[in-house]
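Labels below follow one simple rule: chain letters A, B, ... track the order of the sequence lines, proteins then strands, and each chain is numbered from 1. The figures here come from the full heavy-atom set of this structure, side chains too, leaving out hydrogens, waters and symmetry mates.
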Amino acid sequence: MKITTWNVNSLTARLQHVLDWLAANPVDVLCLQELKLTEDKFPLMELQAAGYAHCAVFGQKTYNGVAILSRTELRDVVRNITHYPDESSRVITATVDGPEGPVRVVNGYFVNGQAPGSEKFAYKMAWLGGLNQYVGEELKAHPRLVLLGDFNIAPEDRDSFDPVGLKDTIHHTKEEREHFQGLIRLGLCDSFRLFEQPEKSFSWWDYRMLGYQKNRGLRIDHVLVSDALRPQVKGCAIDRTPRKWKQPSDHAPVTVEI
DNA sequence: ATGGCGGAAGCATTCCGA
């Protein structure tokens, strides 16, 4: 089965791109971030017509918002993370049935953090602590687990177009990378790195300064798979195609095959 | 040194993203 994560930067603005991409890439599960809409504005009819009969939505006006779209049933949906009183809609969790058993899918839009030392960075650190605790508990109950989404963390220097110039700036700090490793230590692995990948593989490029054209990007969208799922992962890839379309999201979709 | 683009809210301009 194929599971994709994609930060669409407004589902209202990007619906046609999502539909066009799904028509060409009929994945089983699509996890979206930055919907920027409330659930009553979610384009359920259009997505159901595209084959995604089961949609779990955790929306919010203007900012944030996440959803899981599936061809098959979604069970035990959880909105938000426990142990952290987050006012933003950032995490939605559901169980889907894969060919070799159920898969727990945790879809997150991680806090951006703006700049080290800022209040928003402190929020990012606290939120990441709450997320770690939440995912640890989910893993105990559901060993076959995928944690995916927009992590807003470039885990290693090779995940940045300019690791020297951007050293210790947002997405590149030791503290953020330590939190990423904390998730790995729960018993997860970065599925993208299980396979040979092109040099300078990124998932986000700034709209400004011809970021995409110059491949000045970051790899901040990730699919982490649990130790129980790891032996059956067949591939993980970033699809840069929709980033070349007119008025694209600044993020590319990332797909794992299990 | 800074903003550069793009979306939302809402109608001029600000906030926010990464």
Can you list everything that forms a side-chain hydrogen bond (donor to acceptor under 3.5 Å, both in side chains) with A:R14? Sequence neighbours excluded, please.
none

In numerical order, the residues of residues 17-25 of chain A whose heavy atoms come under 4.0 Å of DNA chain B are none

Report, as a single string ordered 5' to 3', how protein heavy atoms within less than 4.0 Å touch nucleotides 3-13 of chain B: B base, S sugar-phosphate only, - not at all.
-BBSSSS----

Do A:N152 and B:dA18 have a side chain to base donor-acceptor pair shorter than 3.5 Å?
no

Which parts of residues 165-180 of chain A get close to DNA chain B, meaning a heavy atom less than 4.0 angstrom away?
A:H171

For A:K41, what residues pass the side chain to side chain contact (heavy atoms under 4.5 Å, CB included) criterion, not counting sequence neighbours?
A:L37, A:T38

State which residues pass side-chain hydrogen bond (donor to acceptor under 3.5 Å, both in side chains) with A:W6; sequence neighbours excluded, sorted by chain then number.
none

Just to verify, what does A:T62 make a side chain to side chain contact (heavy atoms under 4.5 Å, CB included) with, not counting sequence neighbours?
none

Could you list who else is in A:I220's hydrophobic cluster, with ILVMFWY side chains joined at under 4.5 Å, directly or through other members?
A:F161, A:L166, A:F202, A:W204, A:W205, A:Y212, A:L218

With sequence neighbours left out, write down each residue that passes side-chain hydrogen bond (donor to acceptor under 3.5 Å, both in side chains) with A:S89, or none if nothing qualifies.
none

side-chain hydrogen bond (donor to acceptor under 3.5 Å, both in side chains) against A:Y123, all qualifying residues, sequence neighbours excluded:
A:D86, A:R90

Taking any heavy-atom pair under 4.0 Å as a contact, classify A:K120: base, sugar-phosphate, or nothing.
sugar-phosphate

Side chain to side chain contact (heavy atoms under 4.5 Å, CB included) filter on A:K214, not counting sequence neighbours, yields A:L210, A:R216

Results of side chain to side chain contact (heavy atoms under 4.5 Å, CB included) for A:V96 - residues two or more places apart only:
A:M1, A:V29, A:S70, A:L74, A:V103, A:V105

